[in-house]
Colleague: 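First the structure, which I've put down as structure tokens, then a few questions once you've had a look.
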Amino acid sequence: MAPGQEPRMGQSVATVSGERAYATMIAKARSLVPQLRERAARTEELRHLPPETERDLHDAGLFRMLQPKRVGGAELDYVALIDCAELLGRADASVAWNLANLASHHWMLGMFEQRAQELAWGKDPDVLIASSFIFPAGRARKVEGGYRLHGSWPFSSGVGSCAWNMLASVVSSDDEADGIEYRIFLLPKADYKILDTWNVAGLRGTGSSDVEVRDAFVPEHMTVAAGDLAGGATPGSKVNPNPLYALPVFSLFPYVLSGVALGNAQACLDDYTEVARHRISTYNRAKLSDFQSTQIKIAEASAKIDAARLIMRSACIEAMEHARRDHPPDMATKTRYRRDGAFSVNLCTDAVSMLFAASGARGLFTTGVLQRQFRDAHAINSHLAFNFDAAGTNYGRVALGLPSENLTL
């Protein structure tokens, strides 16, 4: 819509404003792709994002795409996380992974009590927040005014650049009859220790090191129960009434990161197609573009990537519509979101693996991007959220009338 143009029939001013903000954010993400791709090798060497990359992401406002408007964020619909991560993933999966992770924590903080939001955003609304949502890695016990927390958590992506951390833990009880409670704890950097453990084959630039907590006190208002994030009003809804902050967090958990796999796969396809247009076979000097096998590989990979994109975006758009109608999804829908999140990323991984195999020895050279795309694809796919056996089993259980085994849903 051009500046000054009236809203279309059926459009509200808020809708028009949201579309403009979304288009602006997408344009900013797209503009970063060339320089992020040029820095990819250095990002891998550093094992974390270069300072200039973090500055670029801050300057573009990308970290704050899902942050409440009342503190200066863009408060875009959830699908923006998929779309921005896809664009950055076409340049460097590590950058896209950290962007999506850290942006999603602004979204989640919007669901905490207002006091927690004020403490984290009060001095600097640009502050970055890391996480590790592996509940069994921690143990917490209730004490007067809050909790005592200890544990050791892996895979805290981008933690070296963050001033806060959301750590998931099981809350222990003296009475086992009380059952298990899953809770998320927001801690300042002074309360945890970063362990430099990130030496890996894929997503090397994410700096996803371990963190350790030894008997830290966490006030009650700096925590939120996983059950409060299952869909519907949250503790933060009083100050952040946008349906964005009423989405079911762990049902939609795969889509925080699935756009990274999508962008990485799309970049792999684009690169393969460009090479195939011009490359001559070393075996018989024939043009690769004339090979039927090359044509079929491009068709199959593109179909898988396009299908994955449709699945990912549809789930996010549907969830937002449910939230706008104040209609939290039932367990069948929640397990479908998890199933489809895993399935769509598996499609992206399959596409990259197929193109890597079709590239022959060319893909082995470390000076090229294909080997990094292959490594990153499989690193992304190794995340528990994309384990189709786990997501598929739970979906099947619920479809058969059995209770969900995922206690966070």
Colleague: Below 4.5 Å, heavy atoms only, C-beta onward: do P254 and Y337 meet side chain to side chain?
Modeller: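 They are not in side-chain contact.
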
Colleague: Measuring only between side-chain heavy atoms, which start at C-beta, is V256 closer than 4.5 Å to Y78?
Modeller: yes

Colleague: Taking everything shown except R70 itself, do over 12 heavy atoms lie less than 6.0 Å from its CZ?
Modeller: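 Yes, the 6.0 Å shell around CZ holds more than 12 heavy atoms from other groups.
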
Colleague: Could you check whether K142 pairs with E181 (Lys NZ or Arg NE/NH1/NH2 to Asp/Glu carboxylate O, under 4.0 Å)?
Modeller: no

Colleague: Restricting to side chain to side chain donor-acceptor pair (under 3.5 Å), what partner residues turn up for R372, sequence neighbours left out?
Modeller: none

Colleague: Side-chain contact test, heavy atoms from C-beta onward, threshold under 4.5 Å: evaluate it for L257 versus I380 and give yes or no.
Modeller: no

Colleague: Rounded to the nearest 0.5 Å, what separates atom CZ in R338 from atom OG in S404?
Modeller: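 Rounded to the nearest 0.5 Å, the CZ-OG separation comes to 9.5 Å.
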
Colleague: Any ion pair linking R55 and E52 (charged N to carboxylate O, less than 4.0 Å)?
Modeller: no

Colleague: Taking F386's backbone N and O only, do any of them form a donor-acceptor pair with N346's side chain (distance below 3.5 Å, no angle check)?
Modeller: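 Judged by distance alone, yes, a pair lies under 3.5 Å.
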
Colleague: Would you say the rings of F250 and F135 are close, in the sense that their centroids are separated by under 6.0 Å?
Modeller: yes

Colleague: Working to the nearest 0.5 angstrom, can you tell me the gap between Y395 OH and F388 CZ?
Modeller: 9.5 Å

Colleague: Roughly how far apart are L109 CG and I129 CD1, rounded to 0.5 Å?
Modeller: 4.5 Å

Colleague: Under a 3.5 Å distance rule, please check whether N264 uses its side chain to pair with a backbone N or O of Q373 as donor and acceptor.
Modeller: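 Yes, the answer is positive, given that a donor and an acceptor are paired below the 3.5 Å cut-off.
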
Colleague: Donor-acceptor check, side chain of K334 to backbone of A230, threshold 3.5 angstrom: yes or no?
Modeller: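 Yes.
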
Colleague: Answer yes if the ring centres of Y147 and F185 are under 6.0 angstrom apart, and no otherwise.
Modeller: yes

Colleague: Is any side-chain heavy atom of D92 closer than 4.5 Å to a side-chain heavy atom of T53?
Modeller: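 They are not in contact (no side-chain heavy atoms under 4.5 Å apart), so the answer is no.
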
Colleague: Salt-bridged, E274 to R277, with N to O below 4.0 Å?
Modeller: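 A salt bridge links E274 with R277.
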
Colleague: Tell me if a side-chain donor or acceptor on R397 pairs with a main-chain N or O of L402 at a distance below 3.5 Å.
Modeller: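 Looks like no, no N/O pair under 3.5 Å.
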
Colleague: Looking at CG of L347 and CG of N381, how far apart are the two atoms once the value is rounded to the nearest 0.5 Å?
Modeller: 10.0 Å

